[in-house]
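Computed from heavy atoms alone, side chains included, the values below leave out hydrogens, waters and symmetry copies. Note that the structure is a prediction, hence the values are computed from the model and not measured. So that the names make sense, note that chain A is the first sequence line, chain B the second, and so on, each numbered from 1.
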Amino acid sequence: MPELPEVETSRRGIEPWILHTTINKVVVRDRRLRWPVAKDVERRLQGQIVEAVDRRAKYLLIRTSGDTIILHLGMTGSLFIVDQGAPAGIHDHLDFELDSGKVLRFRDPRRFGSFHLSSKPLAHPLLSKLGPEPLGDEFNGTYLWRKSRGRTVSIKQFIMNAQIVVGVGNIYASESLFLAGINPKRAAGRTARHRYDALADAIKDILSRAIKAGGTTLRDFYGGDGEPGYFKQQLEVYDREGEHCRCCNTIIRSFVQGQRSTYYCKSCQT
DNA sequence: CGCGACTCCTGCCGGC
DNA sequence: TGCCGGCAGGAGTCGC
């Protein structure tokens, strides 16, 4: 489900509800996430105060007076706030009961999400090798171009590689390449320098606009405030196979690349 | 090291 | 209406 804009939307949605609250109790109903939830998380989090709600890549980092929670939403994970005592659904795996009387609840039907605790989250194996944030200054055309030299992989798979740049998932990869006018099949190492300038700008633009719109809701994404994301209305190619390109009227096509669907306009993207 | 295939899991949708 | 195959917003791991 969530790419960077959806995770950021979730972060902003829950932050006002949990910041500076105390975690009275943690309830784990199903430990079978992508990796089994450690048996001591209930004990380690009980009584801790939430001091910050951050994001790194697609991970939410909830810093407490003790450990930091490292939470990944996977494909179908979501976070929301309910009143204490609200009945839990079949896929509601985690509850964080707060001293405010509210509960931060984690739901994840496919259980591709993950939950870890760490005192040094950025040094955690899941985070330590990640590339730069796409909205930061470190990420630009020069960086992408330099990283791409000698790479034979397609440029679409290249920008979805979290060791190159984080946060660009399947929707926004297609959208960014459309905006930059680049054919997704093009080899990363055979893409010119000036195209990477356009691509880095496009990624920043798309992600910023998607965050502003509260993310993209295709089926079942809702931010922490229960609102869907409205960026779907701005999608130019993703999930638009058979429809007309708004730029040149060509029919949008899709094909599979690295086991993921790619959408593009044959005439706008070269 | 780079790359491609595979894998985890449930829900939903379209076609027959 | 009911069943079945295919596909889904992620990403770690393995084999070459």
(message) Give the residues of residues 121-130 of chain A touching DNA chain B, defined as any heavy atom closer than 4.0 Å, sorted by residue number.
(response) none
(request) Report the stems of DNA chain B as range-with-range entries sorted by first number; a stem here is at least three consecutive pairs, Watson-Crick or G-U wobble, both distances under 3.5 Å, and write none if there are none. (result) B:2-8 with C:10-16, B:10-16 with C:2-8
(request) Answer with yes or no whether the hydrophobic clustering places Y59(A) together with L104(A); edges join I, L, V, M, F, W, Y residues whose side-chain heavy atoms lie under 4.5 Å apart. (result) no
(message) Any donor-acceptor pair, under 3.5 Å, between the side chain of R110(A) and the base of dA8(C), if you only look at N and O atoms?
(response) yes
(message) Is the phosphate of dA11(C) approached by H72(A) (side-chain N or O, under 4.0 Å from OP1 or OP2)?
(response) yes
(request) For DNA chain C, find the residues of residues 236-245 of chain A with a heavy-atom distance under 4.0 Å and give them by number; none if there aren't any. (result) Y238(A)
(message) Taking the six-membered ring for Trp, are F178(A) and Y238(A) closer than 6.0 Å centroid to centroid?
(response) no
(request) Apply salt bridge (charged side-chain N to carboxylate O under 4.0 Å, His left out) to D67(A) and list each qualifying residue two or more places apart in sequence or on a separate chain. (result) R44(A)
(message) Tell me whether E133(A) is salt-bridged to R55(A), with the criterion being a basic N under 4.0 Å from an acidic carboxylate O.
(response) yes
Using the 3.5 Å cut-off, write out each protein N or O paired with an N or O of nucleotides 13-16 of chain C and the distance between them.
none

(request) Name the first nucleotide and the last nucleotide along DNA chain B (5' to 3') that come under 4.0 Å of a heavy atom in chain A. (result) dG2(B) to dG11(B)
(request) Please state whether the phosphate of dG9(C), meaning OP1 or OP2, lies under 4.0 angstrom from any side-chain nitrogen or oxygen of R260(A). (result) yes
(request) Look at E3(A) together with K58(A) and state whether they make a salt bridge at an N to O cut-off of under 4.0 Å. (result) no
(message) Taking any heavy-atom pair under 4.0 Å as a contact, classify G169(A): base, sugar-phosphate, or nothing.
(response) sugar-phosphate
